[in-house]
Amino acid sequence: MSRVCLTRVQNEDVCGAIEFCFNEAVTEDLLKEVRKILIKPNLLNSSPAHTGVTTDLRIIESLIVILREKGIKEIVVGEASFEDTEKVFNALGVYQLEKFGAKVVNFEEDKWVKVESPLKLALKHFHLPKTLLDSDLIISAAKMKTHSDTGVSLSLKNLIGCIPKSERRVGHIIDIEKTIIDVFSYLIKNKRFLSIVDGIYALEGRLGPAQGNPVKMDLVLAGSDPVAVDAASVKIMSYSPQRIEHIALASRFGLGDMDGLEVVGGSIEGVKRRFEMPPALPSFRSYLLSYAMERFFKKIPYLRFEDRCTGCEACVSSCPIGNIEIGGDGRININEKECTGCMVCIEACREGALDYRVRHERLYGIGRKIYHIRKSMR
Ligand code: SF4
Ligand code: SF4
C-alpha cells in the first residue's frame, strides 16, 4: 500500500503545507546517503502559477529550504520549457531560487546522455540531461492539470520535460502514453523518487495543459510512489485512474500502486471536485483526418545526396525507434514501413545528405492548394 499525503494550503502558507507533506510522506530512508537532488517543476511556458499552467515557485522554494535544513548540499532545479527555456526562466524569476541555495539548470544547455529504454514501449532509447543522471533523488514537482492528449498532466507526465524536444515530438507521434512510461520506468528503476503535485491553482478544460480555466483548490499532494500520487490526484479530479492510460500502464508494469492508497493528512472525498476534462476520444472528423494524413501523406526520409554522406551514423543513433541501418555496401537503409515520419534523422544529419518526400506528393500538393484557397476566402 502506498502512502500519499494530501493537505490544504492554509492562509497562503505554502512552506507549512510542504513541510507537513514532507514529514508525512518522506521516510528517513528516502534521503539516506542522498548527495544530490534534482527538482523538476512543470514550467511549460511563462504563464504564472495562478493561471494553473506552471508549478508554483513557492513550492520549489519551500522544498529547497527544507532539503537544505536536512543537510542536502547539492540541489538542482532543472527544466526544458516548451517555449524558449531561458525566456521562461527569466519571465518567471526562476533564477531567484538560487539565493535559497539551489542551482538552476536549463536542460537545453546541459549535456544529453543517451540511455536505453527498459520497456521499449514506444522508444528504444532516449536522452536525459547529465545533471539529472548525476542526481540520486528526483523530485517531480508537477501541476494538477488536464491535458488534451493524455487526459491529465501530473507527476508522471511532467517527466516528459526531461527528454529533448525532438524526442518529445517523436513520442507524441508514436504514442505519448507509452513514451511517458518509457521515461518513467528508466527513472524509477535507477533513482529514488518523490512526487509533489501542486493543486494550489489547478487547471481544467479541454485545452490543457497550456490553456484552460484555473481552479483554486489550495491543495498539495506528495508521496514517494508517483503512480499513487497521480492516482490520488485523478480521484480528486473526480475520475477513475483506470481511465488515464499512462497511470494504468504504470500500474500494470508494476511501477507503482494505483489502487491501494493510504491517504494521510486529509481525505479525497473532502476535497474532490469534478474537473472539466478533454473528450476521451478524438472526434470522428479529427480521427479521419489524422488517419488520412498518416495513410496517404506520410513524410518519409531518404538519402537524397549520396555524395554528401560520410557514413558518420549520426542518423542511425538518432532514430528513436532504431529504424536506420548501415548496409553491407556502407549505405544507409531506412525502413519506410516502420518509419514514424518524425524527421529526427534529418535534423541529426549535419551533412545535409537527407531529405524527405511525401507519399502521394501530387495529391498532397492539390490538397494544400485547396486548403489555402479556402482559407483566403474566409
Ligand atoms: S547522418 Fe548524414 S552523413 Fe551521417 S550517415 Fe546519416 S545520412 Fe550519412
Ligand atoms: S527513420 Fe528518421 S523519420 Fe523515420 S522514425 Fe527514424 S528518425 Fe524518425
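Here the structure is a predicted model, which means the values were calculated and not measured.
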> Heavy-atom count around K73 NZ within 6.0 Å, excluding the residue itself: above 12?
Replying inline: no

> Once you round to the nearest 0.5 Å, how far does CD1 of I64 lie from CD1 of I59?
Replying inline: 12.0 Å

>> Working note: I247 + V234, criterion side-chain contact (heavy atoms from CB on, under 4.5 Å); need CA distance, chi angles, decisive distance, verdict.
In response: CA-CA 10 Å; I247 299 179; V234 173; 3.7 Å; yes

>> Taking atom NZ as the centre, does K36 end up with more than 12 heavy-atom neighbours from other residues, nucleotides or ligands that are less than 6.0 angstrom away?
In response: yes

> Is it true that R169 and E347 have a side-chain N and a carboxylate O under 4.0 angstrom from each other?
Replying inline: yes

>> With a 4.5 Å cut-off on side-chain heavy-atom distances among I, L, V, M, F, W and Y, is there a chain of contacts connecting V105 to I163?
In response: yes

>> Pair I37, S135 - check side-chain contact (heavy atoms from CB on, under 4.5 Å), show working.
In response: CA-CA 5 Å; I37 294 182; S135 307; over 6 Å; no

> Which value, rounded to the nearest 0.5 Å, describes the distance between M237 atom CE and I268 atom CD1?
Replying inline: 12.5 Å

> How far does CG of L354 sit from CD1 of I346, to the nearest 0.5 angstrom?
Replying inline: 6.0 Å

> So, K178 and E245, do they make that salt bridge, N to O below 4.0 Å?
Replying inline: no

>> What I want to find out is whether R274 reaches E204 closely enough, with some N-O distance under 4.0 Å, to be called a salt bridge.
In response: no

>> For N45, give me all partners under side chain to side chain contact (heavy atoms under 4.5 Å, CB included), at least two apart in sequence or on another chain.
In response: S47, V53, T54, E83, A210

>> Between the side chains of K165 and E108, is the shortest nitrogen-to-carboxylate-oxygen separation below 4.0 Å, so that they form an ion pair?
In response: yes

>> Under 6.0 Å from the ring centre and within 45 degrees of the ring axis: does the NZ or CZ of R243 meet both conditions for the six-membered ring of Y239?
In response: no

> Do you know the tightest heavy-atom contact between D149 and H172?
Replying inline: OD2-ND1, 3.2 Å

> Can you name the closest pair of heavy atoms from L31 and K70 and give their distance?
Replying inline: CD1-CD, 3.6 Å

> Are side-chain N/O atoms of S155 and S195 paired as donor and acceptor at under 3.5 Å?
Replying inline: yes

> For residues 248-261, which residue pairs qualify under side-chain hydrogen bond (donor to acceptor under 3.5 Å, both in side chains), counting only residues two or more places apart or in two chains?
Replying inline: none

>> List the residues meeting side chain to side chain donor-acceptor pair (under 3.5 Å) with E86, not counting sequence neighbours, and say none if there are none.
In response: Y95, N106

>> If you compare all heavy atoms of S153 against all heavy atoms of N42, which two are closest, and at what distance to 0.1 Å?
In response: OG-ND2, 3.8 Å

> T310 and R350: side-chain contact (heavy atoms from CB on, under 4.5 Å), yes or no, with the steps?
Replying inline: CA-CA 10 Å; T310 59; R350 289 172 175 238; over 6 Å; no

> Closest approach of L203 and G208, non-hydrogen atoms and distance?
Replying inline: CD2-CA, 3.9 Å

> Among all residues two or more places apart in sequence or in another chain, which pass the side chain to side chain donor-acceptor pair (under 3.5 Å) test with E306?
Replying inline: R331

>> For a quick test of reading the model, state the closest non-hydrogen atom pair linking V34 to D136 and the distance between them.
In response: C-OD2, 3.8 Å

> Between atom CG of L255 and atom NZ of K189, what is the distance when rounded to the nearest 0.5 Å?
Replying inline: 6.0 Å

>> Check this for me, if you would: do K130 and D134 make a salt bridge, where the nitrogen-to-carboxylate-oxygen distance has to be below 4.0 angstrom?
In response: yes

Show me, pair by pair, the donor-acceptor contacts under 3.5 angstrom made by side chains of residues 11-22, not counting sequence neighbours?
{"unit_1": "E12", "atom_1": "OE1", "unit_2": "R58", "atom_2": "NH1", "d": "3.0"}
{"unit_1": "D13", "atom_1": "OD1", "unit_2": "G16", "atom_2": "N", "d": "2.9"}

> Can you tell me how far CD1 of I139 sits from CG of L63, rounded to the nearest 0.5 angstrom?
Replying inline: 5.0 Å

>> Please tell me whether V197 and Y201 are part of a single hydrophobic cluster in this structure, the criterion being side-chain heavy atoms less than 4.5 Å apart.
In response: no

> Who are the side chain to side chain donor-acceptor pair (under 3.5 Å) partners of K40, not counting sequence neighbours?
Replying inline: E79, N158

>> Measuring from atom CG of L97 to atom CD1 of I60, what distance do you get when rounded to the nearest 0.5 angstrom?
In response: 7.0 Å

> Taking the inter-plane angle between the rings of F184 and F193 on a 0 to 90° scale, is it parallel (under 30°), tilted (30 to 60°) or perpendicular (over 60°)?
Replying inline: perpendicular

> Is atom OH of Y356 surrounded by more than 12 heavy atoms (other residues, nucleotides or ligands) closer than 6.0 Å?
Replying inline: no

> Are the charged groups of K216 and D218 less than 4.0 angstrom apart, N to O?
Replying inline: yes

> side-chain contact (heavy atoms from CB on, under 4.5 Å) between L128 and V113: does it pass, once the steps are laid out?
Replying inline: CA-CA 5 Å; L128 290 170; V113 180; 5.7 Å; no

>> I'd like to know if L156 and V4 are part of one continuous hydrophobic network [Ile/Leu/Val/Met/Phe/Trp/Tyr, side-chain heavy atoms within less than 4.5 Å].
In response: yes

> For T131 and D110, what are the C-alpha separation, side-chain angles and deciding distance, and is it a side-chain hydrogen bond (donor to acceptor under 3.5 Å, both in side chains)?
Replying inline: CA-CA 7 Å; T131 309; D110 203 353; 2.4 Å; yes

> Is R68 salt-bridged to E74, going by a charged N under 4.0 Å from an acidic O?
Replying inline: no

>> For Y302, does the six-membered ring have the charged nitrogen or CZ of R304 within the cation-pi criterion, i.e. under 6.0 angstrom from the centroid and within 45° of the normal?
In response: no

> Any link between I181 and I173 through a network of hydrophobic side chains (Ile, Leu, Val, Met, Phe, Trp, Tyr) touching at under 4.5 Å?
Replying inline: no

> Closest approach of R168 and G161, non-hydrogen atoms and distance?
Replying inline: NH2-O, 3.4 Å

